[in-house]
Amino acid sequence: MKVLVVEDERPISDLIAVYLEREGYDVHTSFDGESGLECAQSETFDLIILDVGLPKLDGTQICRQLRASNNWTPIIFCTARDDEVDRILGLELGADDYVTKPFSPRELVARVKAVVRRSAQITSETLDEEGVQLNLKTRRASHHGIPVVLTATEFDLVAYLMARPGQVIERSELLENVWGYSEGLGTRTVDVHIAQIRTKLGIDAPIRTVRGVGYAWEAPTHESLT
Ligand code: CA
């Protein structure tokens, strides 16, 4: 298990590294945003521990750039202040978890284990949820073993939902993360693409509409079919 720690405060990054190495993790460290992003893009990690306040490029920018390039390595943010937590959640960056400084190394290790366990499937090459399979490398999709041809945007949209099974994802989050921007795009854009995906997958397409909120990747219930 490889973990990248991007943290400019050396005592903190050293402490994190010591605790994670003790648990058998292979720990790499970066001390500023630029080198952290470069490292995250050039190597494959099982998890990234990302400080929010970093020189050159802050943690939220790194996360955004990784997600925009379809890198779904799980991220745990470290924040110095409670108001940064609001910012992280408000930005809908797709963070997997966060810890607020000062945190106990034991707590962080527990979070790391939980996130790695939860996202084992997300970091793999394929997603397989509710009868739909996506190969993230070849970008091929199938439904109950039958190939489905999706456009690039449809594929990314399905991948985003499938990586978070059962979670209700707001339209704005989808616009931000799948399209990479939301300015000038209405939430109707999302609805149109979802409708196309449903047509391609058929009546048992595992997409649940949560009226007024967004969508969730879930097996259709009897109720939603009526
Ligand atoms: Ca910092």
Side-chain angles (χ1 to χ4, degrees), residues 1-120 122-123 160 163-164 167 169-170 172-183:
M1 283 284 166
K2 264 172 77 179
V3 178
L4 173 64
V5 178
V6 190
E7 165 65 77
D8 58 315
E9 288 164 78
R10 300 245 177 177
I12 297 179
S13 77
D14 287 350
L15 190 66
I16 294 172
V18 165
Y19 271 79
L20 290 179
E21 278 166 359
R22 202 182 283 171
E23 295 288 325
Y25 292 95
D26 178 11
V27 183
H28 295 235
T29 44
S30 287
F31 305 105
D32 69 69
E34 256 173 34
S35 67
L37 177 64
E38 208 179 289
C39 198
Q41 285 173 330
S42 58
E43 286 181 58
T44 305
F45 292 94
D46 297 289
L47 178 82
I48 302 170
I49 296 172
L50 196 52
D51 186 24
V52 175
L54 286 168
K56 296 185 183 172
L57 201 62
D58 80 27
T60 61
Q61 290 170 301
I62 293 173
C63 181
R64 198 178 282 279
Q65 290 202 31
L66 290 174
R67 298 310 190 226
S69 59
N70 232 358
N71 180 325
W72 299 105
T73 305
I75 291 176
I76 297 180
F77 275 110
C78 297
T79 76
R81 304 189 315 265
D82 278 335
D83 59 339
E84 279 182 350
V85 172
D86 295 338
R87 211 173 117 230
I88 291 165
L89 300 177
L91 286 171
E92 295 164 346
L93 288 164
D96 295 86
D97 206 349
Y98 62 86
V99 287
T100 313
K101 292 177 187 174
F103 52 83
S104 83
R106 269 170 207 282
E107 183 197 349
L108 181 65
V109 168
R111 302 283 186 100
V112 166
K113 285 182 176 173
V115 168
V116 167
R117 197 169 49 234
R118 207 163 61 215
S119 61
I122 299 174
T123 54
Y160 194 87
R164 297 158 182 77
Q167 284 180 44
I169 313 290
E170 292 185 22
S172 58
E173 178 175 344
L174 293 169
L175 283 173
E176 197 74 42
N177 292 284
V178 176
W179 280 262
Y181 55 94
S182 53
E183 213 172 314

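As the structure lists them, so they are numbered: ligands from 1, and atoms in each ligand from 1.
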Legend entry - Minimum-distance atom from the Ca ion (ligand 1) among N, O or S atoms of Asp51: OD2

Inset, instruction - Tell me, please, which residues at least two apart from Arg106 pass side-chain contact (heavy atoms from CB on, under 4.5 Å). - result: Ser104

Legend entry - Atom nearest to the Ca ion (ligand 1) - Asp8, N, O or S atoms considered: OD1

Side chains of residues 23-38: which donor-acceptor pairs under 3.5 Å do they make with residues two or more places apart or in other chains?
unit_1 : atom_1 : unit_2 : atom_2 : d
Glu23  : OE1    : Lys113 : NZ     : 2.9
Asp32  : OD1    : Glu34  : N      : 3.0
Asp32  : OD1    : Ser35  : N      : 3.0
Ser35  : OG     : Asp32  : O      : 3.4

Legend entry - Residue that, paired with Cys78, satisfies side chain to side chain contact (heavy atoms under 4.5 Å, CB included) out of Ile12, Thr100, Asp51, Val52: Asp51

Legend entry - N/O/S atom of Gly53 inside 3.0 Å of the Ca ion (ligand 1), strictly under: yes

Inset, instruction - Report yes or no: do Asn71 and Ser69 form a side-chain donor-acceptor pair below 3.5 Å? - result: no

